[in-house]
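The structure appears below as structure tokens.
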There are 2 protein chains.
Amino acid sequence: MDDKDRQIIRALQRDGRMSNQDLAAMVNLSPSPCLRRVRNLEKSGVIEGYSARVNARAYGLAITAFVHIRLERHDEETVQNFERQIDGMEEVLECHVMTGQTDYQLRVVVESLDAYERFIRTQLQRLGGIGSIDTSFAYGTIKNSTVFPAR
Amino acid sequence: MDDKDRQIIRALQRDGRMSNQDLAAMVNLSPSPCLRRVRNLEKSGVIEGYSARVNARAYGLAITAFVHIRLERHDEETVQNFERQIDGMEEVLECHVMTGQTDYQLRVVVESLDAYERFIRTQLQRLGGIGSIDTSFAYGTIKNSTVFPAR
DNA sequence: TAATATTTGGCAGACCATGCTAATAGTGAG
DNA sequence: CTCACTATTAGCATGGTCTGCCAAATATTA
């Protein structure tokens, strides 16, 4: 992982479908060594994959909520059950284990406030073992970058 | 935006570098109408771009922090200044305007706790106009999906 | 039903990816 | 300082992919 690798990574975070030729030109390499570096980054797991960035509202997901959750108990079974179930919920895009007052922070996307209430009541609450749920809604996004800082 | 468009979107959120031929096969279209749909989604802004998903730790960013910020005042100038400066900070990947107790939630990535302290003191605090800063660190990620729910 | 608009499929030329080989640069021991 | 060795790079050729164009098919409206 040298400087060229980081250049490649940032270029592909900006535009993941950029052609290998353009990428090579951008980092001052010829295409074939450039491609080898990309493949290595992929195989070693540094690059985990590629995704389309999609406008959530245009897709029909008007609501983005950050949900802070505390569990009632922290025994193995409660924790594992919670995490397994969360993993299966399509509306939950992210789930982080947190320091501080809450155990987990979720990022949830749904189409409406009604759908959010439905999600909380019929999905989250039903899990059991949940101590508290605290929701904040995002009603605007100033910045949403996919590019890591340069180092 | 019909069902096929949504299928295309979800497929490209899963694998943004998938070839148009494979994508077409997956949604039961021939390559050319499939490509046309993709281009339309791009031009209309539904698909905003494509990115490589990169392992932050492998890149050298060990710390992910969610930072909750309240401004001292909410006059036009303070707000605009804050948002413009935030936009220029590479360490801030996301900045959302929030409902509830705090005005903004940031997602910040840095290489170490030292670097985080440096970021807070020499970047954030220096902005001025900030009422309170409250940080939670993510020390694990259960889920990090790029694929929207099916609808 | 007929006319129109929209979407689709197939084809061809240009572009790109990628394995192979040779050349170059970097490294360490003598 | 030189030589041998390794790692990395560049160039080339082949095969695959993209994408614009035109005709056919499908859906829509009157």
Side-chain angles (χ1 to χ4, degrees), chain A residues 1-62 111 145-151, chain B residues 1-61 111 144-151:
Chain A
M1 166 77 65
D2 58 10
D3 208 59
K4 281 231 150 61
D5 282 336
R6 273 186 286 268
Q7 274 183 271
I8 288 174
I9 286 173
R10 278 161 49 85
L12 288 177
Q13 285 181 319
R14 234 172 275 119
D15 178 6
R17 291 201 74 148
M18 158 179 246
S19 82
N20 183 59
Q21 302 194 12
D22 292 350
L23 179 61
M26 185 164 290
V27 300
N28 296 315
L29 278 178
S30 76
S32 66
C34 180
L35 183 63
R36 188 152 359 152
R37 281 172 176 271
V38 173
R39 292 290 174 262
N40 278 342
L41 290 168
E42 289 168 356
K43 226 179 331 196
S44 66
V46 179
I47 294 179
E48 296 169 343
Y50 301 86
S51 307
R53 297 190 302 270
V54 179
N55 184 308
R57 187 151 299 157
Y59 181 86
L61 298 167
E111 55 187 327
S145 171
T146 55
V147 184
F148 286 161
R151 302 207 55 203
Chain B
M1 167 77 67
D2 59 9
D3 208 61
K4 280 227 152 60
D5 282 336
R6 273 186 287 267
Q7 274 184 271
I8 288 174
I9 286 173
R10 278 161 50 85
L12 288 176
Q13 284 182 318
R14 233 172 275 121
D15 177 8
R17 291 202 74 148
M18 159 179 244
S19 83
N20 183 58
Q21 303 194 11
D22 292 350
L23 179 60
M26 186 164 290
V27 301
N28 295 316
L29 278 179
S30 77
S32 66
C34 181
L35 182 65
R36 191 153 352 155
R37 280 170 177 271
V38 173
R39 292 290 173 263
N40 279 342
L41 290 168
E42 288 168 357
K43 227 179 329 193
S44 65
V46 179
I47 292 179
E48 296 169 343
Y50 301 87
S51 307
R53 297 190 303 269
V54 180
N55 184 309
R57 188 150 298 156
Y59 182 88
L61 299 167
E111 55 187 327
N144 198 355
S145 171
T146 56
V147 185
F148 285 162
R151 299 204 61 206

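Protein chains get the first letters and strands the later ones, always in sequence-line order, with residue 1 at the start of each. Nothing here was measured: the structure is a model prediction, and the numbers come from that model. In what follows, every heavy atom counts, from backbone to side chain, and hydrogens, waters and symmetry copies are set aside.
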Can you pull out the residues from residues 15-25 of chain B that lie within a 4.0 Å heavy-atom distance of DNA chain D?
B/Ser19, B/Asn20, B/Gln21
Which value, rounded to the nearest 0.5 Å, describes the distance between A/Leu35 atom CG and A/Leu29 atom CG?
11.0 Å
When the side chains of residues 40-47 of chain A are checked against the rest of the protein, which donor-acceptor pairs come out under 3.5 Å, sequence neighbours left out?
unit_1	atom_1	unit_2	atom_2	d
A/Glu42	OE1	A/Arg39	NH1	3.1
A/Glu42	OE2	A/Arg39	NH1	3.3
A/Glu42	OE2	A/Tyr50	OH	2.6
A/Ser44	OG	A/Asn40	O	2.9
A/Ser44	OG	A/Leu41	O	3.3

Taking side-chain hydrogen bond (donor to acceptor under 3.5 Å, both in side chains) as the criterion, tell me which of A/Gln13, A/Arg17, A/Arg53 meets it with B/Ser51.
A/Arg53
Leading and trailing nucleotides of DNA chain D with any atom under 4.0 Å from heavy atoms of chain B
D/dT17 to D/dG20
In terms of heavy-atom contacts, A/Lys4 and A/Asn28 come closest through CE-O, 3.9 Å
Between N or O atoms, less than 3.5 Å apart, protein on one side and nucleotides 7-10 of chain C on the other: list the pairs.
unit_1	atom_1	unit_2	atom_2	d
C/dT8	OP1	B/Arg37	NH2	3.1
C/dT8	OP2	B/Arg37	NE	3.4
C/dT8	O4	B/Arg36	NH1	3.4
C/dG9	OP2	B/Ser30	N	2.7
C/dG9	OP2	B/Ser30	OG	3.0
C/dG9	O5'	B/Ser30	OG	3.3
C/dG9	N7	B/Ser32	OG	2.9
C/dG10	O6	B/Ser32	OG	2.9

B/Leu61 and A/Pro149 have their tightest heavy-atom pair at CD1-CD, 3.9 Å
Encoded 5' to 3' (Watson-Crick or G-U under 3.5 Å; [ ] crossing; | other strand), DNA chain D becomes ||||||||||||||||||||||||||||||
Find out whether B/Ile9 and B/Met1 are in side-chain contact, i.e. whether some heavy atom of one side chain is under 4.5 Å from a heavy atom of the other.
yes
Non-neighbouring partners of A/Met26 that pass side-chain contact (heavy atoms from CB on, under 4.5 Å), sequence neighbours left out:
A/Ala11, A/Met18
If you take all heavy atoms of A/Asn55 and A/Ala58, which pair is closest and at what distance?
OD1-N, 2.9 Å
From A/Asp3 CG over to A/Arg151 CZ, what is the distance, rounded to the nearest 0.5 angstrom?
10.0 Å
Can you tell me how far the CZ atom of A/Arg10 sits from the CD1 atom of A/Ile8, to the nearest 0.5 Å?
13.0 Å
Between B/Asn144 and A/Glu48, is any pair of side-chain heavy atoms under 4.5 Å apart?
no
